[in-house]
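Notes to accompany the following structure.
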There are 2 protein chains.
Amino acid sequence: MRIGEVADKAGVSVRALRYYEEQDLLPADRSPGGQRHYPDTAVGRVRLIQQLYAAGLPSRVVRDVLPCVDSGEAHPALLDQLESERARIDQRITDLLDVRDRLDDVIAITRDPDADCSPML
Amino acid sequence: MRIGEVADKAGVSVRALRYYEEQDLLPADRSPGGQRHYPDTAVGRVRLIQQLYAAGLPSRVVRDVLPCVDSGEAHPALLDQLESERARIDQRITDLLDVRDRLDDVIAITRDPDADCSPML
DNA sequence: CTAGAACCTGACGTTGACGTCAGGTGCAAA
DNA sequence: TTTGCACCTGACGTCAACGTCAGGTTCTAG
């Protein structure tokens, strides 16, 4: 597959794919003329990269954990990093849940001002 | 309180506080000499701002929702925005849970390679 | 064989949330 | 009163994850 097709199927820009190659996240072979050529698995890999980005992992970390998530197993040396990333993600989930609850309160009260839970002044 | 103390107590930089004022997130009165002076409540507000940032809300949105979260109720006109932000946060939580599960799989397999759940080749 | 779509490599632009530096001022303690 | 730390206002730097533009090449359809 050429780069445009991968971009379409994965729902990202061509520029993004070139960026991923630059960052060693997504290798590509080249045609004799120099055009990038990707295997079919590239689409899934791009989706995975997007998911990791969406989870807030910076590209450096993505680069490190990608091979593990790909293969399903990590070099033991990476275990610490994986666990610290796991912890960071856990913390983010907690934070997000908290913010969501706050927003829910505001939304509920705005919809039905009588059901106010805050202390009356 | 002067800016340095607020920064210390809230665990952010002085620069960040000046930035928040610039963005109309955190007003400050001034001493005759022009130095910023904050009420005690500023520390909590800064923590809230940080929490909203951590949740991925851009400062424009934070500026809009801050008064609501402060007061516990929103101008009805903001309800749509609040709900769309809530949805965005929900999506992020889902993504994070998914990524966390993937990491858990990798970690588990790395720790105990025999307990492999993936299809055997 | 040729038009033109898709691709290529630089390289500069963008946005957000600050960091950092320069050059000057406020203020509390000794 | 003088030291000297905390503070002030610009204003430029940074980093990530691309967007975008310029100027040239490759590939494919007709």
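Each chain gets a letter, A, B and so on, in the order the sequences are listed, and its residues count up from 1.
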Q. Contacts to DNA chain D from residues 86-94 of chain B, heavy-atom cutoff under 4.0 Å, which residues?
A.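 Those residues: none at all.
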Q: Describe the nucleic acid contact of A:R60 in one word from base, sugar-phosphate, nothing, applying a heavy-atom distance below 4.0 Å.
A: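 It contacts nothing in the nucleic acid.
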Using only atom types and a distance under 3.5 Å, with no angle test, would you say the side chain of [X] pairs donor to acceptor with the backbone of [Y]?
X: B:S13; Y: B:A16; value: yes
X: B:R63; Y: B:Q23; value: yes
X: A:H37; Y: A:R2; value: no

Between [N] ([atom2]) and [X] ([atom1]): distance, integer Å:
X: A:I3; N: C:dA5; atom1: CD1; atom2: C1'; result: 15 Å
X: B:R63; N: C:dA17; atom1: CZ; atom2: P; result: 10 Å
X: A:D29; N: C:dC7; atom1: CG; atom2: P; result: 15 Å
X: A:H37; N: C:dA6; atom1: NE2; atom2: P; result: 16 Å
X: A:E21; N: D:dA17; atom1: CD; atom2: C1'; result: 16 Å

Does some side-chain heavy atom of [Y] sit less than 4.5 Å from a side-chain heavy atom of [X]?
X: B:Q81; Y: B:L78; value: yes
X: B:Y38; Y: B:L26; value: yes
X: B:V43; Y: B:M1; value: yes

Using nucleotides 18-20 of chain C, report all nitrogen or oxygen pairs with the protein that are shorter than 3.5 Å.
{"residue": "C:dC18", "atom": "OP2", "partner": "B:Y20", "partner atom": "OH", "Å": "2.9"}
{"residue": "C:dG19", "atom": "OP2", "partner": "B:S13", "partner atom": "OG", "Å": "2.5"}
{"residue": "C:dG19", "atom": "N7", "partner": "B:R15", "partner atom": "NE", "Å": "3.2"}
{"residue": "C:dG19", "atom": "O6", "partner": "B:R15", "partner atom": "NH2", "Å": "3.1"}
{"residue": "C:dT20", "atom": "O4", "partner": "B:R15", "partner atom": "NE", "Å": "3.1"}

Q: Answer yes or no: is there an ion pair linking B:R88 with B:E83, defined by an N-O contact shorter than 4.0 Å?
A: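 Not counted as a salt bridge, because no side-chain N and carboxylate O are separated by less than 4.0 Å.
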Q. Got a sec, which residues hit side chain to side chain contact (heavy atoms under 4.5 Å, CB included) with B:R92, two or more places apart in sequence or on another chain?
A.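 For B:R92, the residues satisfying side chain to side chain contact (heavy atoms under 4.5 Å, CB included) (neighbours in sequence not counted) are A:R92, A:L96.
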Are there any protein N/O atoms within less than 3.5 Å of an N/O atom in nucleotides 23-28 of chain C, and if so, which ones and at what distance?
{"residue": "C:dC27", "atom": "OP1", "partner": "B:S31", "partner atom": "OG", "Å": "3.3"}

Q: Compare side-chain N and O positions of A:R36 against OP1 and OP2 of C:dC8 and report whether any pair is under 4.0 Å apart.
A: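 Answer yes for this pair, as a side-chain N or O of A:R36 is under 4.0 Å from OP1 or OP2.
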(Q) Does C:dC8 have its OP1 or OP2 closer than 4.0 Å to a side-chain nitrogen or oxygen of A:R18? (A)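 Checking A:R18 against C:dC8: at least one side-chain N or O falls below 4.0 Å of OP1 or OP2.
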Review item, side-chain donor-acceptor pairs of residues 99-106 of chain A, under 3.5 Å, at least two apart:
{"residue": "A:R100", "atom": "NH1", "partner": "B:D90", "partner atom": "OD1", "Å": "2.4"}
{"residue": "A:D104", "atom": "OD1", "partner": "B:R86", "partner atom": "NH1", "Å": "2.5"}
{"residue": "A:D104", "atom": "OD2", "partner": "B:R86", "partner atom": "NH1", "Å": "2.5"}

Show which side-chain atoms of residues 44-57 of chain B pair as donor or acceptor with protein atoms under 3.5 Å away, not counting sequence neighbours.
{"residue": "B:R45", "atom": "NE", "partner": "B:L25", "partner atom": "O", "Å": "2.9"}
{"residue": "B:R45", "atom": "NH1", "partner": "B:D70", "partner atom": "OD2", "Å": "2.2"}
{"residue": "B:R45", "atom": "NH2", "partner": "B:L25", "partner atom": "O", "Å": "3.4"}
{"residue": "B:R47", "atom": "NH2", "partner": "B:K9", "partner atom": "O", "Å": "2.6"}
{"residue": "B:Q50", "atom": "NE2", "partner": "B:Y20", "partner atom": "OH", "Å": "2.5"}
{"residue": "B:Q51", "atom": "NE2", "partner": "A:D98", "partner atom": "OD2", "Å": "2.6"}

Q | Short side-chain donor-acceptor distance under 3.5 Å, B:Q35 and B:R30 | A |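 The criterion, which ignores hydrogens and geometry beyond distance, is not satisfied for B:Q35 and B:R30.
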